Amino acid sequence: MNQNYGWGLPVQASSYAGKLDGSLFLLHGVMLLIFVLWAFYMIFCLIRYRQKNSSRALYSHRTPLSSYIPDALMLIFEIWLIFFVGIPIWAHIREDLPKEETSVALHIVAEQFAWTMHYPGLDGKFGKQNPSLINADNPLGLDENDPDSLDDIVSVNELHLPLGKPARILLSSKDVIHSFFVPEFRIKQDVVPGMNIPIWFEPTKIGQFEIGCAQLCGTGHYRMRGDVIVQSPEEFENWTKSKTKS
Amino acid sequence: MQTEHLESHQETFIRKWVFSLDHKTIGLQYMFTSLIFLLFGFSLVLLMRWQLAYPGSALPLIGSYLPDSIAAGGVMHPAGYNALGAMHGTIMIFLGVVPLGVGAFGNYFLPLQIGARDMAFPRINMMSYWIYFIGGVLMLASFFVPGGAAQSGWTSYVPLSILSPGQTIWLFAMTFLITSSLLGSINFIVTTLNLRAPGLTWSRLPLFVWAQFVTALLLLFAFPVLQAGAILQLLDRVAKTSFFIPSGLIVGGAPVEYAGGGSALLWQHLFWFLAHPEVYVLLLPAMGIVAEILANGTRKPIFGYKEIAGSFCFIGVLSFMVWAHHMFVSGMKTSLSYLFMTTTMIISVPSVAIITCFLLSLKGASIQFKLPMLFALTFLPMFGIGGLTGLPLGFTPTDVYLHDTYYVIGHFHYVVVTGSLIALMGGIYYWFPKMFGRKMNEFWGKIHFWTTIVFMNGIFFPMFIQGLAGVQRRLYDPTVQAHNLVVQPTNVLMTYSAILLMIAQIPFIVNFFVSIFKGEKTEDNPWQATTLEWACPSPPLPHKNFEKIPTVYKGPYEYNVPGESSDFSPQHLP
Amino acid sequence: MIHQPEAIAETVTGIPNGKLGMWVFLASEVMLFGGFISSYVVLRTGSSFFPIPAKELLGIPLATLNTFVLITSSVTMVLALDAIQKANQKGLIRNLAITILLGFCFLAIKSYEYPHKWHEGITISSNLFGSFYFTLTGLHGLHVIGGIAFNIYILVNAIKGCYTQDHYERVEYAGLYWHFVDLVWIILFPIFYLL
Amino acid sequence: MKKTYLIVFGTLAVLTLLTVGVSYLHLNRAGAITVALLVAGIKVSLIAAFFMHLKFEKKVIHGIFYTALFFVLILLFLILPDIGF
């Protein structure tokens with residue numbers, strides 16, 4: 001897993017990671033350009049106009065229109081950035097949810113210091129949950145006598161996904177605010193108790209990636225991690241079969 | 001004015017120093033208290049940094065002396081780390097930088113710069129200091145309360161802050177601090193509106209006064225909303241109401257006995273509605289000080305006085321419409337994030353305008369590299385980095401990746417620490433002669449300056465590298481997660497920079513206290529500045545500041561006026 | 001035109017410090033109650049579980065009477081100010097006393113209403129409506145108590161004869177604060193009892 | 001001035017009775033809300049204008065009061081779309 005990470009950004013392993021990295025490089029490029037230009041200008045002024053060189057300073061209250069150029073350039077760049085780069089990418093990430101049929105649909109329930117994945121199983125329907133049934137080996141409190149829940153798969157801290165199909169996930173939390181964060185997929189979404197928040201991403205690389213919690217959720221926040229294992233479709237089928245309680 | 005009758009009787013020690021009604025003494029009380037809190041808040045960071053550099057190892061030297069709520073048996077435990085993190089943020093912001101920028105400098109120099117004898121309401125001014133003092137003592141006491149200090153960050157997000165221990169005394173202390181800030185801001189607004197010297201129109205007001213006035217308006221309109229949020233959260237904790245508790249919460253396998261129905265996002269909205277104007281409250285006084293020092297150091301009128309004052313007001317108004325850029329990935333509706341992304345990008349323009357005007361005022365200047373000028377000049381690039389790194393955080397696609405990582409921590413430390421704290425230190429060097437009639441030692445000042453700048457960058461620049469690598473914030477032990485391992489060495493570098501930064505503050509502290517008594521004596525206007533506070537003796541006359549209230553004839557920064565012999569012409573001389 | 005007191009401090013805006021200070025303080029109070037009422041409105045429209053008690057339980061006739069009490073106290077307060085502006089010391093004292101009495105009457109009706117609601121099962125922790133009802137009306141009650149204390153302080157000074165036709169700023173500031181407290185109740189009354 | 005105060009008192013009393021009366025008519029939700037807020041708004045502006053002498057005050061005080069109102073409206077109408085609906 002460690003070859004995914006270097007000193008720069010982690011490896012891109014989801015469909016919109018490229019777009020997001022593109023805007024990161026664009027922004028940092030512009031920032032560097034602005035900083036370097038201003039640094040040169042400042043150093044020039046400090047040397048040219050130090051007291052030894054210019055004993056009397058230029059007295060003027062005039063602010064020529066040309067002094068507004070940096071602000072105008074900044075505003076134009078930002079307006080272009082928002083309407084031509086920002087809104088399209090943001091709408092793509094948040095609004096273009098793939099259809100249920102062509103994607104792997106599952107629920108992820110966050111709780112204090114573990115991620116519980118809840119697959120609907122072959123019947124595609126999620127079993128009912130009853131909070132009073134929650135115990136160590138039934139973290140979601142799945143109700144036995146509900147037929148849909150028989151083939152549901154519950155796996156803790158281990159998210160299996162097939163390559164080539166987008167994942168459509170419904171995030172919910174049992175207790176406090178967590179944040180589902182997979183650096184390689186460039187996805188981060190707070191998981192708020194009392195809300196079911198849909199997210200989606202499409203893995204583009206087979207391998208093992210890391211889930212982290214990005215929102216302070218108590219004393220175990222630092223060890224609340226999980227693994228995303230992206231497999232070929234066949235391996236994913238075998239895995240689901242092996243996990244289904246027949 | 002009612003201050004005349006105060007001199008008639010000889011004041012007791014208590015009335016003169018403890019319950020003083022003189023805005024200068026209250027300013028000094030604020031300054032000493034906030035400097036002590038800044039030092040204490042920074043020492044909390046050294047403990048945290050050691051834990052981040054060498055996770056799980058015993059803290060050297062002071063490990064065994066720490067209370068059990070932070071480090072049982074010399075090794076810090078996660079609850080202790082979270083408590084230190086929350087208290088570091090709270091102390092540095094609400095007890096350190098704001099009281100220094102608004103309480104100390106605002107109280108001391110606002111009346112002087114507008115030629116007033118004192119604040120509009122001296123008694124309320126004294127009350128605001130003592131309520132702040134009680135709030136500070138309560139915050140410190142929270143370390144020794146059973147359950148320890150607050151542990152859910154300075155933002156105290158619900159439901160964690162309602163379910164975890166330590167938050168009740170934090171909220172209670174916050175209501176004190178908010179009341180103190182409100183009383184202070186009422187005083188500032190009425191003083192600036194009503195007690196300006198004759199001839200001191202709005203366009204002749206020094207930029208420091210503009211900054212304090214806009215800051216007071218920000219405090220006045222934003223703090224009560226957090227007061228409401230804090231009271232709601234306090235009741236959630238104490239009276240089992242469920243304003244912020246959604247229904248169906250299950251903690252540790254058992255349902256929580258709350259009626260439910262509340263919304264966790266409501267607290268974030270109420271909190272950030274205050275907290276964004278609050279970060280401008282941290283920044284504006286510093287920008288006012290930089291404007292004063294730059295005009296004085298470049299010996300020319302500041303470039304674009306109207307643009308800077310206008311930008312202050314524009315920032316003031318717009319800062320109430322940008323708060324939800326802290327909540328892009330918090331489950332807020334995407335339509336709102338479009339709106340707040342746009343307003344956030346618009347508010348970056350006045351900041352750019354201010355920095356442009358500061359830089360352009362270097363052109364055609366005659367720059368004297370005196371000590372305060374060094375701090376003001378370094379504010380420009382440092383705040384530049386802080387402001388520029390705000391761009392990817394205010395822009396939703398990049399914020400998805402960078403939110404709640406060390407990139408955010410690097411961004412706001414560059415703005416607050418190498419930005420406003422450096423400017424406030426420059427303010428201390430600049431106004432020390434006016435406050436004590438003596439100068440701080442130039443040599444030790446330069447040592448303090450260069451070491452502080454180097455070590456500050458040593459701590460904060462690697463945070464951007466960690467942020468881009470995806471290291472989340474508030475992690476007790478980053479090595480548990482694989483994606484943090486590559487950049488773990490930067491934590492060691494940052495820890496030693498932090499320790500050296502603490503050592504670099506010792507010359508400043510010694511220089512500060514020694515110079516009060518043994519510093520080189522100076523006359524009333526050592527920097528040959530033009531604003532009104534230099535028109536009275538240093539330290540200014542107790543209770544009435546000026547022999548006679550000055551009349552203002554010209555703008556605040558009339559340097560190098562053509563046809564005049566000396567290179568500065570003070571405001572109060574025709 | 002109302003009679004302006006001579007002792008306008010030589011302030012730049014021409015408004016005495018105290019009046020400007022009181023208005024600035026009321027602006028922060030507007031923000032405080034604005035924060036509370038916005039939270040109430042937002043949760044009432046958006047919360048998944050916000051049971052609203054039946055109108056009979058709320059005791060609307062009593063609350064209407066309470067609103068009358070507060071409005072009349074507002075009127076007697078402004079009549080007190082009008083009296084001192086015409087140098088009518090007795091009028092000032094009489095109207096101030098009525099205002100204070102009506103204030104106590106408002107608190108008495110509230111202190112009857114609260115236990116009545118507790119028996120109905122609406123407590124501060126029973127549900128969101130109860131929480132908001134007791135928090136907001138409780139906070140407003142504290143402000144009424146503060147207003148009454150301020151008015152009593154003014155009454156004592158008025159009896160001692162501190163206020164004349166030219167020096168009555170404190171009476172005006174107490175009036176401003178009391179009208180604000182009445183104004184907040186006029187907003188709280190419909191949003192809790194009638195909607 | 002005494003006369004205007006009594007007239008304002010009368011209008012306030014009538015408006016209170018009106019708003020209570022309307023609440024018994026069981027209008028639909030939107031209608032009830034608009035009527036209640038309208039009446040409360042009129043009463044608030046009456047008290048502010050006449051009892052608090054806002055009508056006779058200088059621009060500065062108007063400025064402060066309306067800015068506070070403006071920011072409360074911003075707070076309310078920017079949170080409503082997120083949590084409200």
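Predicted, not measured: the structure shown is a model, and the values here were computed from it. Excluded from the calculations below are hydrogen atoms, water molecules and symmetry mates; all remaining heavy atoms, backbone and side chain alike, are included.
Contacts classified as ring pair (Phe, Tyr, Trp, His ring centres under 6.0 Å) and involving residues 11-47 of chain C (residues at least two apart or in different chains) are given here: C/Trp23-D/Phe65, C/Phe33-C/His143, C/Tyr40-C/Phe132, C/Tyr40-C/Phe192.
With sequence neighbours excluded, no residue forms a side chain to side chain donor-acceptor pair (under 3.5 Å) with C/Arg94.
One distance of note links CD of D/Glu57 with NZ of C/Lys19; it measures 3.5 Å at 0.5 Å rounding. Atom CZ of C/Arg44 sits about 7.5 Å away from atom CD1 of D/Ile33, to the nearest 0.5 Å. Rounded to the nearest 0.5 Å, atoms CD1 (C/Ile186) and CD1 (D/Ile42) are 12.0 Å apart. Atom CD1 of C/Ile15 and atom NZ of D/Lys59 lie 9.5 Å apart (nearest 0.5 Å). In this structure, CD1 on D/Ile83 lies 8.5 Å from OG on C/Ser39, to the nearest 0.5 angstrom. Interatomic distance, D/Ile61 CD1 to C/Met22 CE, rounded to the nearest 0.5 Å: 11.5 Å.
Using a 4.5 Å cut-off between heavy atoms, C/Leu176 contacts chain D through both its backbone and its side chain. Of the atoms belonging to D/Tyr24, it is side-chain heavy atoms, and not backbone ones, that fall under 4.5 Å from chain C. Contacts of D/Val44 with chain C are made by both backbone and side-chain atoms, with heavy-atom separations under 4.5 Å.
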Evaluate side chain to side chain contact (heavy atoms under 4.5 Å, CB included) for C/Leu26 paired with D/Ile64, printing each intermediate quantity in order. CA-CA 9 Å; C/Leu26 289 185; D/Ile64 292 173; over 6 Å; no

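In the displayed structure, C/Lys86 atom NZ is contacted under 6.0 Å by more than 12 heavy atoms of other residues, nucleotides or ligands.
Here the shortest heavy-atom pairing between C/Ser38 and D/Leu75 reads OG-CD2, 3.8 Å. Here the shortest heavy-atom pairing between C/Ala27 and D/Ala68 reads O-CB, 3.9 Å.
When side chains are defined from C-beta on, C/Thr45 counts as touching D/Arg29, because their heavy atoms get closer than 4.5 Å.
Among residues 51-69 of chain C, the residues having any heavy atom closer than 4.5 Å to a heavy atom of chain D are, in sequence order, C/Lys55, C/Ile60, C/Pro61, C/Thr64, C/Thr67, C/Phe68. Along residues 70-81 of chain C, the residues that come nearer than 4.5 angstrom to chain D, judged on non-hydrogen atoms, are C/Ile71, C/Thr72, C/Ser74, C/Val75, C/Val78, C/Leu79, C/Leu81 in order of number.
Heavy-atom pairs under 4.5 Å with chain C peak, among D/Val72, D/Val8, D/Thr19, at D/Val72.
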